[in-house]
Peer 1: 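Below: one structure in structure tokens.
As a basis for the values below, the full set of heavy atoms in this structure was taken, side chains included, without hydrogen atoms, waters or symmetry mates.
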Amino acid sequence: KQWYQRRVRGMLDAKIKNLESINRHFVDGAKEFEARLTKEQITLIKRQMALQTKVAEIIGLNLNATISLLIQRALFADADSIRKEFKLSDKKFWWLKVRGLAATRNWPELEKFAKSKKSPIGYGPFVKECIENNNKAEAIKYIDRVTKEQQVEFYIDLKMPERAAEIAKSAKSIELLDNVLNAIGPHNRVLTETINSFKNVI
């Protein structure tokens with residue numbers, strides 16, 4: 001194992017030297033964009049090398065994948081440090097963290113994150129990721145924080161058409177009620193009648 005780690009480190013050191021040479025070429029040629037990209041790549045490789053003892057498979061990942069993996073391994077301080085160093089936007093970071101926490105079913109941390117400050121991406125992604133990771137109860141925690149239209153859509157996804165119909169009625173939207181009708185099909189006669197009665201009073 002130590003032999004393998006030394007070999008990997010040697011390969012990475014060689015890659016860094018090569019990139020540094022390329023970077024100097026770009027700097028000398030006044031190619032600012034290319035110089036910045038190679039410098040960022042060098043910095044990322046060095047950060048990955050420092051984290052290799054914690055997360056062996058981090059080597060070779062791009063920036064987004066690096067941060068995602070750190071979040072999934074609950075190395076939040078490292079993920080945040082890299083986010084700041086590379087000036088990743090709040091929106092991008094929130095997307096990555098919501099997805100990473102939901103993918104690893106770290107529901108307590110997801111709820112804590114949602115409460116940390118106002119979400120720059122809204123709360124639809126929280127609901128969506130909970131649904132995609134088969135946690136109905138967690139999804140419902142965030143539904144009240146999205147628009148009525150989104151609530152109807154999410155309750156349909158959660159196989160809760162009755163609740164979707166109630167939300168559509170409260171929004172006084174025939175269009176949303178029709179969306180629920182289309183979702184349930186013709187076989188749910190009781191709910192179909194209920195929705196039609198809602199439409200008659202709007």
Side-chain angles (χ1 to χ4, degrees), residues 8 12 15 33 36-161 163-164 167-168 171 176 179-180 182-183:
V8 170
L12 292 171
K15 185 173 183 179
F33 177 73
R36 180 174 60 80
L37 287 181
T38 51
K39 186 176 180 180
E40 286 179 356
Q41 193 174 358
I42 292 165
T43 302
L44 182 60
I45 292 171
K46 288 180 177 178
R47 290 300 300 267
Q48 289 173 341
M49 289 171 71
L51 289 164
Q52 191 180 8
T53 55
K54 295 181 182 178
V55 191
E57 60 270 39
I58 203 167
I59 300 297
L61 299 180
N62 64 29
L63 177 61
N64 288 346
T66 296
I67 292 173
S68 292
L69 182 59
L70 291 172
I71 290 167
Q72 289 172 22
R73 297 300 175 85
L75 297 169
F76 305 124
D78 291 315
D80 198 52
S81 173
I82 290 178
R83 173 188 74 86
K84 290 175 181 175
E85 184 168 2
F86 286 87
K87 297 180 173 62
L88 194 71
S89 72
D90 276 356
K91 284 187 175 183
K92 187 66 178 179
F93 182 72
W94 274 66
W95 270 107
L96 292 174
K97 191 160 185 177
V98 170
R99 286 174 181 163
L101 293 174
T104 50
R105 305 182 71 78
N106 192 342
W107 308 121
E109 193 65 35
L110 183 66
E111 186 172 4
K112 179 182 174 183
F113 186 50
K115 293 176 178 177
S116 63
K117 67 174 186 178
K118 185 177 180 180
S119 168
I121 58 173
Y123 295 90
F126 286 80
V127 182
K128 183 174 179 290
E129 293 300 322
C130 289
I131 292 173
E132 290 189 359
N133 288 280
N134 303 309
N135 196 322
K136 184 176 183 177
E138 288 296 322
I140 290 172
K141 286 182 180 179
Y142 307 103
I143 286 187
D144 286 344
R145 305 178 79 171
V146 303
T147 66
K148 297 281 189 183
E149 290 181 3
Q150 288 177 305
Q151 287 182 43
V152 170
E153 179 184 339
F154 286 136
Y155 276 120
I156 289 171
D157 289 342
L158 288 165
K159 304 293 188 291
M160 298 174 67
R163 182 61 181 149
I167 297 295
L176 291 179
N179 289 347
V180 182
N182 291 334

Peer 1: Mind checking what makes side chain to side chain contact (heavy atoms under 4.5 Å, CB included) contact with Asn62, not counting sequence neighbours?
Peer 2: Asn64, Ala65

Peer 1: For Lys92, what residues pass the salt bridge (Lys or Arg N to Asp or Glu O under 4.0 Å) criterion, not counting sequence neighbours?
Peer 2: none

Peer 1: Listed by chain and number, what are the salt bridge (Lys or Arg N to Asp or Glu O under 4.0 Å) partners of Asp157, not counting sequence neighbours?
Peer 2: none

Peer 1: So which atom in Pro161 and which in Val180 form the shortest heavy-atom distance, rounded to 0.1 Å?
Peer 2: O-CG1, 3.7 Å

Peer 1: With sequence neighbours excluded, what pairs up with Thr147 under the side chain to side chain contact (heavy atoms under 4.5 Å, CB included) test?
Peer 2: Glu149, Gln150

Peer 1: Is there a side-chain contact between Phe86 and Thr43, using heavy atoms and a 4.5 Å cut-off?
Peer 2: yes

Peer 1: How far apart are the closest heavy atoms of Arg47 and Ser81, and which atoms are they?
Peer 2: NH2-OG, 3.1 Å

Peer 1: Is the shortest side-chain heavy-atom distance between Ile82 and Leu51 below 4.5 Å?
Peer 2: yes

Peer 1: How long is the gap from NZ on Lys54 to CG on Leu75, to the nearest 0.5 Å?
Peer 2: 6.0 Å

Peer 1: Show me the pairs that pass side-chain hydrogen bond (donor to acceptor under 3.5 Å, both in side chains) and involve residues 99-109, at least two apart or across chains.
Peer 2: none

Peer 1: Can you find a side-chain donor-acceptor pair between Gln48 and Thr66 that sits under 3.5 Å?
Peer 2: yes

Peer 1: Of all residues at least two apart in sequence or in a different chain, which pass the salt bridge (Lys or Arg N to Asp or Glu O under 4.0 Å) check with Lys91?
Peer 2: none

Peer 1: Run Leu88 and Leu96 through side chain to side chain contact (heavy atoms under 4.5 Å, CB included) and show every step you take.
Peer 2: CA-CA 11 Å; Leu88 194 71; Leu96 292 174; 3.9 Å; yes

Peer 1: Excluding sequence neighbours, so at least two apart, what forms ring pair (Phe, Tyr, Trp, His ring centres under 6.0 Å) with Phe154?
Peer 2: none

Peer 1: Answer yes or no on whether Lys118 is positioned over the face of Tyr123, meaning its NZ or CZ is under 6.0 Å from the six-membered ring centre and within 45° of the axis.
Peer 2: no

Peer 1: Is the shortest side-chain heavy-atom distance between Leu70 and Val55 below 4.5 Å?
Peer 2: yes

Peer 1: Is any side-chain heavy atom of Leu158 closer than 4.5 Å to a side-chain heavy atom of Ile143?
Peer 2: yes

Peer 1: What distance do Ile58 atom CD1 and Met49 atom CE have between them, rounded to the nearest 0.5 Å?
Peer 2: 12.5 Å

Peer 1: Search all heavy atoms of Leu101 against all heavy atoms of Phe113 and return the closest pair with its distance.
Peer 2: CD1-CB, 4.3 Å

Peer 1: Quick one: list whatever passes side chain to side chain contact (heavy atoms under 4.5 Å, CB included) with Lys159, sequence neighbours left out.
Peer 2: none

Peer 1: Can you confirm whether Ile140 sits close enough to Cys130 that some side-chain heavy atom of one is under 4.5 Å from a side-chain heavy atom of the other?
Peer 2: no

Peer 1: Looking only at non-hydrogen atoms, find the nearest pair between Ala139 and Ile131 and report the distance.
Peer 2: CB-CG1, 3.8 Å

Peer 1: Provide the full list of side-chain hydrogen bond (donor to acceptor under 3.5 Å, both in side chains) pairs with a residue in residues 131-141, sequence neighbours left out, each pair given once.
Peer 2: Glu111-Lys141, Lys128-Glu132, Glu138-Lys141

Peer 1: Would you confirm whether Glu129, through its side chain, and Val98, through its main-chain N or O, come within 3.5 Å as a donor-acceptor pair?
Peer 2: no

Peer 1: Hey, are the side chains of Phe126 and Arg145 touching, using non-hydrogen atoms and a 4.5 Å cut-off?
Peer 2: no

Peer 1: Just to verify, what does Trp95 make a ring pair (Phe, Tyr, Trp, His ring centres under 6.0 Å) with, not counting sequence neighbours?
Peer 2: none

Peer 1: Side chain to side chain contact (heavy atoms under 4.5 Å, CB included) with Lys117: which residues, sequence neighbours excluded?
Peer 2: Asp90, Trp94

Peer 1: What residues, two or more places apart in sequence or in another chain, satisfy ring pair (Phe, Tyr, Trp, His ring centres under 6.0 Å) together with Phe93?
Peer 2: none

Peer 1: Nearest heavy-atom pair of Leu176 and Ala171: which atoms, and what distance?
Peer 2: CD1-CB, 4.1 Å

Peer 1: Less than 4.5 Å apart, side chain to side chain, heavy atoms only: is that true for Phe33 and Thr38?
Peer 2: no

Peer 1: Check whether Gln151 reaches the backbone of Val146 with its side chain - one donor and one acceptor, N or O, closer than 3.5 Å.
Peer 2: yes

